[in-house]
Amino acid sequence: MNSLMQNEKCCYITGRTDHLHKHHIFFGPNRKNSEKYGCWVYLIGELHNLSKRGVHFNKELDLRLKHECQRKFEAKHGHEEFMRIFGKNYLED
């Protein structure tokens, strides 16, 4: 499955093409759904999990990606489908 968020293999935040990690936006029990529905982006390691700025340690960046991805998903599949699959409305956070 392609990413809902981007069409090129580059860091979603910086545009860099080196040292990329694949980040599943809805992780934990929803990691498989993120993969299945394209809810993932490429991030450089520093913005993934190799520094305190990384999405796994940075709540602001984590919520930004969740909000953007939920909007993209809902534009394609609708809000009810998002709630059925992911079980939480991140746009209310």
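Index from 1, following the sequence. As the structure is a computational prediction, the values presented were derived from the model and not from experiment.
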Inter-residue atom distance L63.CG - I25.CD1, 0.5 Å rounding: 12.0 Å
Heavy-atom side-chain proximity of F27 to D62 below 4.5 angstrom: yes
Under 3.5 Å: donor-acceptor pair, side chain of H67, backbone of Y90: yes
All side chain to side chain contact (heavy atoms under 4.5 Å, CB included) counterparts of I85, not counting sequence neighbours: N33, Y37, F73, E81
Side chain to side chain, K66 and F26, heavy atoms closer than 4.5 Å: yes
Cluster check V41, F57: I/L/V/M/F/W/Y, side chain < 4.5 angstrom: no
Nearest atoms (heavy-atom pairs only) where G15 meets C10: O-CB, 3.5 Å
Single-linkage hydrophobic cluster L61~M5, side-chain heavy atoms < 4.5 angstrom: yes
Side chains of L20 and I44 in contact at under 4.5 Å (non-hydrogen atoms): yes
Under the side chain to side chain donor-acceptor pair (under 3.5 Å) test, residues paired with E74 that sit two or more places apart: Q70, H79
For N58, all residues meeting side chain to side chain donor-acceptor pair (under 3.5 Å), sequence neighbours excluded: none
Minimum side-chain heavy-atom gap N7-N2 below 4.5 Å: no
Pair listing, salt bridge (Lys or Arg N to Asp or Glu O under 4.0 Å) test, anchored in residues 7-16, at least two apart: R16-D18
Partner of H56 by ring-ring contact (aromatic ring centres under 6.0 Å, His included), out of H24, H48, H21: H48
Listed partners of R53 passing side chain to side chain contact (heavy atoms under 4.5 Å, CB included), at least two apart: E46, L47, S51
C39 side, atom SG; H23 side, atom NE2 - distance, nearest 0.5 Å: 10.5 Å
By side chain to side chain donor-acceptor pair (under 3.5 Å) - contacts of Y12 (at least two apart): E68
Side chain to side chain donor-acceptor pair (under 3.5 Å) against R71, all qualifying residues, sequence neighbours excluded: none
Euclidean distance, W40 CH2 relative to Q6 CD, rounded to 0.5 Å: 6.5 Å
